[in-house]
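The structure appears below as structure tokens.
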Amino acid sequence: MATATLTIDLDAIAANWRGLDQLSAPGTQTAAVVKADAYGLGVARVARALAQAGARRFFVAVAEEGVALRQALGPGPQIAVLGGHMAGDAELIRSLDLTPMLNSIDQITRHLETLPGHGFGLQLDTGMNRLGLERAEWEAVAALVLDAGPELVMSHLACADEPDHPLNMAQLVEFHAMTDGVGVPRSLAATGGILLGPEFHFDLTRPGIGLYGGLPHAAGYPVVSLSLPVIQLREVAAGEAVGYGCAHVAEAPALIATLSGGYADGLLRSLSGNATFWAGDVPCPLVGRVSMDLITVDVSHLEAVPDALDLLGPYQGVDDLAAAGGSIGYEILTGLGPRYARRYAGRGA
Ligand SMILES: *Cc1c(COP(=O)(O)O)cnc(C)c1O
């Protein structure tokens, strides 16, 4: 089989959700962010595992992502749309019972006009300057909008993965100033915000990356492992070059394994010459450039070359790999492409 295998541990995802839920202040509900196909891991299987673990509220980025999610969850669990109510979304929002988080006066107007009486939430900007109503806009419309009965008011922290960053406290203060006394459930924290402590938790937390084994949730269980099959082995002589651009030249006779997988599968080209594969517990250096579908690895030191080498596993997690490629765990996970055979492990599988 020339397809690389991505194994996703649904029990680890469920355990990570429970772990983050236990970190939350008493009375705080823990939602689950499953945008971008559950960070690349497959929204249907992941969301069902999270629902079994106890999650009742889910967040996606755009209304279209609600289609597969509603199909997986059935009626009941809330599906909130972070991007809000975009032009042309009314029918999807209505038929799938999605809850848009309205981000602007335009979105509020659109929602109240096209779907009066349909549930919604509000996103406020407290300093990230990306999405949501700013303080002056909010003050101008708050009375009217609160009268329409929002289900949630939320904001998002820009620097929650840096606990000492002064913006965290500034955003907390601004969120209080904008929402104290509104009488609507409130949400400020994603994974990083949960770890900042209970004053950031309010009524609902929205973890994403921490469910999938990524930092900053260092206490989380690893979720993914990735194995790339060896397609061909070849001996190269000292002085021979390997791959595009002759980027690697063997200093001594070497045994090179060519693996199935490349940058089209989310294995960043910036990993060229920097990453390590594993044969069990033995490290094997990636040599030469990562190409679209293939990667070359020096396996000269192995007594026997296995059928596949591991890129993500017990010795190297998503954040380790991200560091080798100059990226972050989020980008590694969401870049994992459609060509992998996704295998699900765990009781929920
Ligand atoms: C992506 C996102 C989350 C989840 O963030 P993590 O850092 O992955 O926990 C929560 N809220 C909003 C608004 C987001 O965009």
Side-chain angles (χ1 to χ4, degrees), residues 13 16-21 23-24 28-41 43 46-47 50 55 57-63 65-66 69 78-86 98-104 107 120-133 151-163 165 167-168 171-172 174-175 179 185-197 200-220 223-224 317-319 322 327-336:
I13 294 177
N16 289 338
W17 184 84
R18 284 191 294 266
L20 289 164
D21 189 46
L23 282 180
S24 296
T28 298
Q29 198 185 353
T30 304
V33 178
V34 294
K35 60 192 180 188
D37 198 27
Y39 289 47
L41 302 184
V43 71
V46 167
L50 287 164
R57 299 173 82 153
F58 295 82
F59 285 83
V60 293
V62 294
E65 291 183 324
L69 181 56
Q78 185 184 69
I79 300 177
V81 181
L82 293 165
H85 188 148
M86 301 281 284
L98 308 179
T99 308
M101 300 290 116
L102 306 177
N103 289 296
S104 63
Q107 288 199 347
F120 68 97
L122 291 160
Q123 183 155 203
L124 307 179
D125 183 66
T126 52
M128 185 171 190
N129 288 307
R130 189 178 67 167
L131 273 184
L133 297 161
E151 295 177 21
L152 188 72
V153 289
M154 60 168 282
S155 188
H156 193 50
L157 298 166
C159 302
D161 56 342
E162 296 175 55
H165 199 291
L167 190 59
N168 295 323
Q171 287 196 262
L172 179 63
E174 181 71 359
F175 192 56
T179 63
R186 295 187 284 182
S187 176
L188 180 61
T191 303
I194 295 173
L195 301 172
L196 290 178
F200 287 85
H201 295 174
F202 294 89
D203 301 294
L204 180 85
T205 59
R206 313 182 307 269
I209 193 72
L211 306 173
Y212 309 114
L215 290 174
H217 186 215
V223 167
V224 292
V318 288
D319 289 287
S327 183
I328 55 174
Y330 296 79
E331 192 181 24
I332 296 290
L333 284 175
T334 56
L336 294 169

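Every number for a ligand or one of its atoms is a count from 1 in the order of the listing. This structure is a prediction, so every number in the text was calculated from the model and none was measured.
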Record the part of Arg206 in heavy-atom contact with ligand 1 below 4.0 Å; permitted values are side chain, backbone, both and neither. both

Apply side-chain contact (heavy atoms from CB on, under 4.5 Å) to Leu172 and Phe202, showing your working. CA-CA 10 Å; Leu172 179 63; Phe202 294 89; 3.7 Å; yes

Could you check atom 7 (O) of ligand 1 against the protein and tell me its nearest heavy-atom contact, residue, atom and distance included? Tyr330 OH, 2.6 Å

What are the two closest non-hydrogen atoms of Ile328 and Ala322, and how far apart are they? C-CB, 3.4 Å

With heavy atoms and a 4.0 Å threshold, my read on which part of Ile209 contacts ligand 1 is both

Quick check for you: to the nearest 0.5 Å, what is the distance between Phe200 atom CZ and Thr28 atom OG1? 13.5 Å

Heavy-atom distances under 4.0 Å are what count here, so tell me which part of Val33 touches ligand 1: side chain, backbone, both or neither. side chain

Could you check which of Ala190, Ala32, Ala61 puts a non-hydrogen atom nearest to atom 5 (O) of ligand 1? Ala190

When you measure from the side chain of Asn16 to the backbone of Tyr212, do you find a donor-acceptor pair of N or O atoms at a distance under 3.5 Å? no

At what distance is the nearest protein heavy atom to atom 9 (O) of ligand 1, and which residue and atom is it? Thr191 OG1, 2.5 Å

Quick check: does Gly210 get an N/O under 3.5 Å from an N/O on ligand 1? no

Starting from atom 1 (C) of ligand 1, which protein heavy atom do you reach first, and at what distance in Å? Lys35 NZ, 1.4 Å

For ligand 1, is there an atom lying under 4.0 Å from some heavy atom of Gly192? no

Distance-only, no hydrogens or angles: does the Asp125 side chain make a donor-acceptor pair with backbone N or O of Gly132 under 3.5 Å? no

Using a strict 4.0 Å cut-off to heavy atoms of Pro207, name the atoms of ligand 1 that fall inside it. 9 (O)

If you measure from atom 4 (C) of ligand 1 to every heavy atom of Tyr39, Phe59, Tyr212, which option wins on shortest distance? Tyr39

Keeping the roles fixed (side chain from Gln107, backbone from Gly83), state whether a donor-acceptor pair exists under 3.5 Å. yes

Ile79 vs Glu65, side-chain contact (heavy atoms from CB on, under 4.5 Å): CA-CA, chis, key distance, verdict: CA-CA 10 Å; Ile79 300 177; Glu65 291 183 324; over 6 Å; no

Under 4.0 Å between heavy atoms, the region of Met128 that gets near ligand 1 turns out to be neither

Do you know which of Leu122, Leu188, Leu124 makes side-chain contact (heavy atoms from CB on, under 4.5 Å) with Thr179? Leu124

Just which atoms of ligand 1 are under 4.0 Å from any heavy atom in Arg130? 15 (O)

Value rounded to 0.5 Å, distance of OG1 in Thr30 from NE2 in His201: 8.5 Å

